[in-house]
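Quick note: numbers below take in every heavy atom, side chains included, and nothing from hydrogens, waters or symmetry partners. All values derive from a computational prediction rather than experimental measurement.
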Amino acid sequence: LDLLGDPSPHVRLDLGTLAEVVEVTDSAELVQTSTSGNFGNVFNDRVIRDLPIVGTRGRNPLSLVTRQPGVVSGPTTGGEIHVNGARDRAWNFTVDGVDSNESSAGGSNFSPIRTNPDMLQEFKVVTSNATAEYGRNSGGQVSMVTKSGTNDIHGTAFWLYRTPSLNANEWANNIDNIGKRQFVQNIPGGSIGGPAIKNKLFYYANLQVLRARESQSTTRTVYTADARTGLWRYVKGGGRNQPAGVAEASVDAQGNVLPGINVGAYNIVANDPQRLGLDPRIKALTDLTPLPNNFTVGDGLNTAGYTFAALQLEKQYDATVRADYIVNGKNTVFGRMMWGRQDTTCDRGNGGSEWFPGMGCVVNTKRDPKNLAINWRTSPSATTTNEFVFGINRFAFNFDVPNADVNAIQLDASQADSSLPVLPETVAYGNLRRINTYQFVDNFSWFKGAHSFKFGTNLRLQSHTD
């Protein structure tokens, strides 16, 4: 009996002859007894496909881990999702038994190769008491199995579309007098599987493409018009510069000095004893910034905010190809290849939003994951089974900074303190890392009477270039 299921059986009995016997039998699902651990849940393909998991970067089945007992959101060191008190980096992801971890900085809800609900046959989450073949990490163990072809040709096609035209504007945008957050997302794709040779050789292929355009309200701190000339203002009489909308504010929402506020001024250029004037480089960078349009940030008199909608673009594709071959009654082989491209232009998650409209992106993130699995399963006898898996997990993350210059010195300090005015330049090089993981797995099972024995090995050889 499932949770929240109907406890009343609905049985239909038809009239029969005196010689007929109608027998109704049923049994409750047994408590897990096949293993001593591996507590968690298994989701079949129908459940994965039907649950609402469409997000801002595609359809991520890993979102299902947050629905498991013992899984909570908390402090982040790599994903914010913790299971039974373990670190959020203590997750282990596999696809068809092959490592699929971002091993340089792993985190929950993230795997370099992005799966989708249509290409998964099964999704298993082990949250505690993992047995040896699962227990690589102390946190959750997520095992995904891809679909294979059958003797019948089956296929799917889909297109998911989101647009702000169907939504009301957000409250915060109305307050800031800006339009709707632009989030237009298109996710087309499909899959096909069937027999190449009936009862012998089967194929399966899946492709998902994503194009998304998203904006977010962003506020940068900039200098006021007077401050840019070197004329700094202050509240006299022991007062304090305060932005609009707070107690003892110095200015109103348009930046005008409020009645009763006695303001003085100090001309930095005129009082410079060396008469050097404003630094040319800093002045040039300051002149690139727009004048403020939001006086609820900064100090109101010398610094204020500029609020605008910063744009981010997503461009992805993820493909899967699999072939299964039945050698004979005792041996089966399959090979599966997954690859993709996942590029984020003006990646705000990594500080990549443009400084101001029209200035270009600060960081563009480029990803190109690949994952290979080759599996050979043999049953030499009725009581023994051996499975050998060879896998490759390969990916590169390139946090590209278009204006990087190794010979330049970056002056902007607003990246460390957002209250400081922005000097719109980023010349530091972004991180580029490449991870290659080669994996050899062998699992041997032996059944003897009422007992079962498992033996195996799991070897990973990894190279990390950063």
Next on the checklist: Could you check whether Gln208 and Arg59, counting side-chain N and O atoms only, form a donor-acceptor pair closer than 3.5 Å?
Outcome noted: yes
Checklist entry - What class does the angle between the rings of Phe395 and Phe397 fall in, given that below 30° is parallel, 30 to 60° is tilted and above 60° is perpendicular? => result tilted
Next on the checklist: For Tyr161 together with Trp159, are the ring centres under 6.0 Å from each other?
Outcome noted: yes
Checklist entry - Do any N or O atoms from the side chain of Lys315 and from the backbone of Leu210 form a donor-acceptor pair under 3.5 angstrom? => result no
Next on the checklist: Would you say Ser111 and Ser100 are linked by a side-chain donor-acceptor pair, where the criterion is simply a distance under 3.5 Å?
Outcome noted: yes
Item to check | Aromatic centroids of Phe388 and Trp376 separated by under 6.0 Å | outcome: no
Item to check | Nearest-0.5 Å distance, CZ of residue Phe440 to OG1 of residue Thr457 | outcome: 11.0 Å
Next on the checklist: Would you say that more than 12 heavy atoms from the other residues, nucleotides or ligands in this model lie under 6.0 Å from the NZ of Lys330, or not?
Outcome noted: no
Next on the checklist: For a quick test of reading the model, state the closest non-hydrogen atom pair linking Phe123 to Met144 and the distance between them.
Outcome noted: CD1-CG, 3.5 Å
Checklist entry - So which heavy atom on Lys366 is nearest to which on Asp343, and how close? => result CA-OD1, 3.3 Å
Checklist entry - So which heavy atom on Val327 is nearest to which on Val333, and how close? => result CG2-CG2, 4.1 Å
Checklist entry - Ignoring hydrogens and geometry, is there a side-chain-to-backbone donor-acceptor pair from Asp347 to Gly352 under 3.5 Å? => result no
Checklist entry - Can Asn41 and Gln68 be counted as having a side-chain donor-acceptor contact under 3.5 angstrom? => result yes
Checklist entry - So, Arg367 versus Thr344: side-chain donor-acceptor pair below 3.5 Å or not? => result yes
Checklist entry - Got a sec, which pairs hit salt bridge (Lys or Arg N to Asp or Glu O under 4.0 Å) with one end in residues 392-403, sequence neighbours left out? => result none
Checklist outcome for this item: Applying side chain to side chain donor-acceptor pair (under 3.5 Å) to Thr332 and not counting sequence neighbours gives none
Checklist entry - Judged by atom type as modelled, is there a donor-acceptor pair below 3.5 Å linking the side chain of Asn393 to the main-chain atoms of Asn101? => result yes
Next on the checklist: In terms of relative ring orientation, are Tyr306 and Phe356 parallel, tilted or perpendicular, with 30° and 60° separating the classes?
Outcome noted: perpendicular
Checklist outcome for this item: Looking only at heavy atoms, the pair that brings Glu354 and Gly360 closest together is CB-O, 3.0 Å
Next on the checklist: Between Asp318 and Gln342, is there a side-chain donor-acceptor contact under 3.5 Å, judged purely by atom types and distance?
Outcome noted: yes
Checklist entry - Is there a donor-acceptor contact under 3.5 Å linking the side chains of Asn116 and Asn206? => result yes
Next on the checklist: Is the positively charged end of Arg322 above the ring of Phe334, judged by distance under 6.0 angstrom from the centroid and angle within 45° of the axis?
Outcome noted: yes
Checklist entry - For Val95 and Arg336, which heavy atoms make the closest approach, and how far apart are they? => result O-NH2, 3.0 Å
Item to check | Arg433 and Asn431 side chains, donor-acceptor separation under 3.5 Å | outcome: yes
Item to check | Any donor-acceptor pair under 3.5 Å from Asn60 side chain to Arg114 backbone | outcome: no
Next on the checklist: For a quick check under 3.5 Å, do Thr345 and Asn364 share a side-chain donor-acceptor pair by atom type?
Outcome noted: no
Checklist outcome for this item: Smallest heavy-atom separation, Thr218 atom then Ala310 atom, equals OG1-CB, 3.4 Å
Next on the checklist: Between Glu214 and Gln216, do the side chains contain a donor N or O and an acceptor N or O under 3.5 Å apart?
Outcome noted: no
Checklist entry - Is there a donor-acceptor contact under 3.5 Å linking the side chains of Asp118 and Ser191? => result no
